[in-house]
Protein chains: 2
Amino acid sequence: MPLKSGRVPPATITRLSLYARRLEELKTARTTVVSSDRLASLCQVNPAQIRKDLTYFGEFGVRGVGYYVEELLFQIHKIIGLNRVWNLGLVGVGNLGTALACYENFSKRGYLFSAAFDNDPRKIGTKLPCGLIIEPVERLIATCRELDIEIGAVATPAERAQEAVDLLVSVPVRAILNFAPAQVQVPEGVEVASVDFAGHLDRLAYHLTSR
Amino acid sequence: MPLKSGRVPPATITRLSLYARRLEELKTARTTVVSSDRLASLCQVNPAQIRKDLTYFGEFGVRGVGYYVEELLFQIHKIIGLNRVWNLGLVGVGNLGTALACYENFSKRGYLFSAAFDNDPRKIGTKLPCGLIIEPVERLIATCRELDIEIGAVATPAERAQEAVDLLVSVPVRAILNFAPAQVQVPEGVEVASVDFAGHLDRLAYHLTSR
DNA sequence: TGGTGTGAACAACTTCACAGCG
DNA sequence: CGCTGTGAAGTTGTTCACACCA
């Protein structure tokens, strides 16, 4: 949020997230200071990259010393927006959706599934292992507004992904995590992150094929 | 596989995978010919990008016409290695692992979960909804060799990810899809694709925070 | 004519190398 | 003295613009 200079490369944000998770581990291990060299080797990136990434937002280190773990972690959390709780709404409660809603690594980091929607009448009213009760998709707009849901997670079949996204956008939800294997359209200002299982697997297959 | 010129950008492979999936849809829709402009709009990329990507592997189009959908799809499948079946081994059968093993989009594209391993004694011998029977991790090396497993999927807790990877590497498995929220080390020649849920969510949170 | 294939221009990102400071 | 912060150099990836050909 301080944002010292102009545009921040998307890749920088992705790495900031990575740094945060390694710093979390260092903090747990009671490490108080870390150099860009050390953090870089933990993250498998170039040390200069870390220093450059941070300069987009300010100066967080001490020359001749390094970075204070707790302080740097605090700053990165503030930049990303991890100093608060985010309410998520899940659309499509199949095997994958259920696993996601109950995945503890999300809640640990402040991402809370607060509502789940499906259009299978047999699922409505059912309680997930994590305690969430499945609501009909017709309730999506009302519930998302009521519960302050700002991030949507789409885990429907491919054919249903676009309509789920359209609904979320109309709430309005301006950030969507898409697990469905489909390309979805959103208006300006809405950010979509697609978790592309097929893309990852295809890259692995290519690696094995091209040798 | 034809590989006309030197190094292929990783991003090109990721896009090839994307093109393949859109072409699959075009084929299903009985479309026989597609221009780079049309395909580009379906994939939300620049048309020149598509043509450039393809030149790394050969010339697949017809000037003044475009690309024959079926032919181009065939060629891309051959490049990626999707003209065959890949056997996958799953390590860590929690909620997420179960959802993955039973996820039909994998098998549809030739990625077949052929074995699943866990170290919880209560799970061993249990059958997953998809029919797979969970084996003890001690059986991993033997089973992977026996079943020709070339791709590993790691869905263990973070603390267990590195040991799962080490085991897979010793099979040897040279391609690993990692769902655990941990940075893992692999030797030269082994490719890891990490499905980084936290990274995606953090990017979305940043998007919402920085405005 | 119309759309591909591609060198050349451009833009973005990464790494280097070192000045500057605690 | 050591490690950060950063301009400049280097590298990689993307887009343009047009020659070329079915």
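Values below: all heavy atoms of this structure, side chains included; hydrogens, waters and symmetry mates excluded. Note that the structure is predicted; figures quoted are calculated from it, not measured. Numbered from 1 within each chain, the chains take letters A, B, ... in sequence-line order.
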Provide, to the nearest angstrom, the distance between the CG atom belonging to D53(A) and the P atom belonging to dA12(C). 17 Å
Per E59(B) side chain, nearest of listed nucleotides dT15(D), dG20(C), dT6(C): dT6(C)
Figure out the CG/P separation between L54(A) and dT4(D), and round it to whole Å. 10 Å
Round to the nearest Å and state the distance from R38(B) atom CZ to dG2(C) atom C1'. 17 Å
Would you check if F106(B) and P181(A) make a side-chain contact, meaning some heavy-atom pair closer than 4.5 Å? no
On the nucleotide dG5(C), are OP1 or OP2 found under 4.0 Å from the side-chain N or O atoms that Y67(B) carries? yes
Side chain of A11(A) only, please: which of dT14(C), dG20(C), dT6(D) is the nearest? dT14(C)
Taking the side chain as C-beta and beyond, is there a heavy-atom pair between R109(A) and D202(B) under 4.5 Å? yes
Choosing from dG13(D), dG7(C), dA17(D), which nucleotide comes nearest the side chain of K52(B)? dG7(C)
Between CG on residue L54(B) and OG1 on residue T12(B), distance to nearest 0.5 Å: 9.0 Å
Nearest-Å distance for atom pair OH/C1', residues Y56(B) and dT6(C): 11 Å
Exactly one candidate in R51(B), Q49(B), K52(B) meets side-chain hydrogen bond (donor to acceptor under 3.5 Å, both in side chains) with S36(B); the answer is R51(B)
Please report, rounded to the nearest Å, how far the P atom of dT15(C) is from the CD atom of Q44(A). 13 Å
Of the nucleotides dT4(C), dT6(D), dT15(C), which one has an atom closest to the side chain of R51(A)? dT6(D)
Pick the closest DNA chain C nucleotide for D37(B) and for G64(A) by heavy atoms, then say which residue is nearer the 5' end. D37(B)
Indicate whether OP1 or OP2 belonging to dT14(C) is found under 4.0 Å from a side-chain N or O atom of R15(A). yes
State which of dG2(C), dT15(D), dT6(C) makes the closest approach to the side chain of T55(B). dT6(C)
Return the value, rounded to whole Å, for the distance between atom CG of N46(A) and atom C1' of dT4(D). 14 Å
Just the rounded figure in Å: distance from C1' of dC3(D) to CG of L39(A). 14 Å
Quick one: NZ on K78(B) to CG on L73(B), what's the gap to the nearest 0.5 Å? 13.0 Å
For V65(A) and A48(B), take the nucleotide of DNA chain C holding the closest heavy atom to each; which residue's nucleotide lies nearer the 5' end? A48(B)
Taking CD from Q49(B) and P from dA11(C), how many angstroms apart are they, rounded to a whole number? 16 Å
Ignoring backbone atoms, establish whether S36(A) has a side-chain N or O less than 4.0 Å from OP1 or OP2 of dT4(D). yes
